[in-house]
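Position 1 is the first residue of the sequence; numbering continues from there. Since the model is a prediction, treat every value here as computed from it, not as a measurement. In each ligand, atom 1 is the first atom listed, and ligand 1 is the first ligand listed.
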Amino acid sequence: MKLKFTKMHGAGNDFIVIDAINQHIDFGPDQWRRLADRRFGIGADQILVVERPTAPDCDFRYRIFNNDGGEVEQCGNGSRAFVRFVSEQGLTPKRSIRVQTMAGIITPRLEDDGSVTVDMGAPVLEPARVPFDAGGLKGVAQGRDTLWPIAVHGQEILVSVVSMGNPHAVQVVDDVDTAPVADTGPAIEHHPRFPKRVNAGYLQVLDRGHVKLRVFERGAGETLACGTGACAAVVAGIRRGLLDSPVQVEARGGALTIGWAGEGEPVFLSGPAVSVFEGEIDL
Ligand SMILES: N[C@H](CCC[C@H](N)C(=O)O)C(=O)O
């Protein structure tokens, strides 16, 4: 079978995007992993699949598979590529669409300046729903947030835990460029207190409206940008009393802008979405 795809990225977080409305796709984790493999396949951080919605008043269903082949709940950078893809492929005349995901409905919108803004929904802040097992831990209050002490390679680090539909552990560091992301990222991703594993964010505050961020992503390793990670990091920074909305997030692959008005309110993610090339692969 021939599979058509478009290679895209959002601030360097790269994707294989597949129209599963006009193509029949029935893959398992091994096939997803093979497609995402940077040597034996096309190569990407995540694979984004466009389907017809099964939920009412939605335009599309959006499925996300990490580089390791696992299906996940949400991908912020991917949601921007998603709306660019369905628009460029003529799958919708709309510039703002309602998209069904495992984590609920998100609303990406193509802006006139070529950027994309996404209503990512409200963050989930209750540890048990992230999910994070806080049992037996004494949280440390900072502003409106609670920081949780977790042991990583024998050292205690303090993390904020936030879900954007997918789980995030955010720590504040002095310098993202010297943070031990490659060393501690995998240990945090697989930490036993995160039953669904976790995306590990390393946040450096430059001023109240400007941060740098690196994310060791669940199921993909460090990426050049993480949209939900940027949302989670800004939510944590605002709750800690360190940041004021909107916040410019400098990722290694580009800049994202995050707006959040506070608990119970949606997080807005803005940033680039680029189509790099279209291709076809024999399977
Ligand atoms: N690795 C993430 C999914 C992709 C998220 C990221 N690429 C984004 O832009 O939000 C997880 O397992 O939850």
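Taking every heavy atom of N77 and a limit of under 4.0 angstrom, the matching atoms of ligand 1 come to 8 (C), 9 (O). Interface of G76 with ligand 1, defined as ligand atoms under 4.0 Å from a residue heavy atom, comprises 8 (C), 9 (O), 10 (O). Near V72, meaning under 4.0 Å from any of its heavy atoms, are these atoms of ligand 1: 3 (C), 12 (O). Within ligand 1, counting atoms from 1 as listed, the ones closer than 4.0 Å to a heavy atom of C75 are 4 (C), 5 (C), 6 (C), 7 (N), 8 (C), 9 (O), 10 (O). Residue-ligand proximity, Q74 to ligand 1, at heavy-atom distances under 4.0 Å covers atoms 3 (C), 4 (C), 5 (C).
Salt bridge annotation for E263-R239: present, with a cationic side-chain nitrogen under 4.0 angstrom from a carboxylate oxygen.
Every heavy atom of H168 sits 4.0 Å or more from the atoms of ligand 1.
Ranking the protein heavy atoms by distance from atom 2 (C) of ligand 1 puts N199 OD1, 3.3 Å first. Counting only heavy atoms of the protein, atom 7 (N) of ligand 1 lies nearest to N13 OD1, 2.8 Å.
For the residue pair D45 and N67, no side-chain donor N or O sits within less than 3.5 Å of a side-chain acceptor on the partner. In this model, a donor atom of one side chain and an acceptor atom of the other lie less than 3.5 Å apart for N13 and Q46.
Counting non-hydrogen atoms of other residues, nucleotides and ligands closer than 6.0 Å to CZ of R38 gives a total above 12. Applying the 6.0 Å contact sphere to CZ of R52 captures no more than 12 heavy atoms from other residues, nucleotides or ligands. The environment of D174 atom CG is sparse: at most 12 non-hydrogen atoms of other residues, nucleotides or ligands sit within 6.0 angstrom.
In terms of polar-atom proximity, defined here as any N/O pair under 3.5 Å, A225 makes no such contact with ligand 1. Between E217 and ligand 1, an N or O atom pair is found at a separation short of 3.5 Å. In terms of N/O distances under 3.5 Å, ligand 1 is approached by N66. Inclusion of G219 in the set of residues having an N or O under 3.5 Å from an N or O of ligand 1 is not warranted.
Proximity of A220 to ligand 1, defined as any heavy-atom pair under 4.0 Å, is not found for any part of the residue.
Between atom SG of residue C231 and atom CE of residue M120 there is a gap of 5.0 Å, rounded to the nearest 0.5 Å.
A chain of hydrophobic side-chain contacts below 4.5 Å, direct or via other Ile, Leu, Val, Met, Phe, Trp or Tyr residues, connects I21 to Y62.
Note: W32 and F65 have parallel aromatic rings, judged against thresholds of 30 and 60 degrees for the angle between ring planes.
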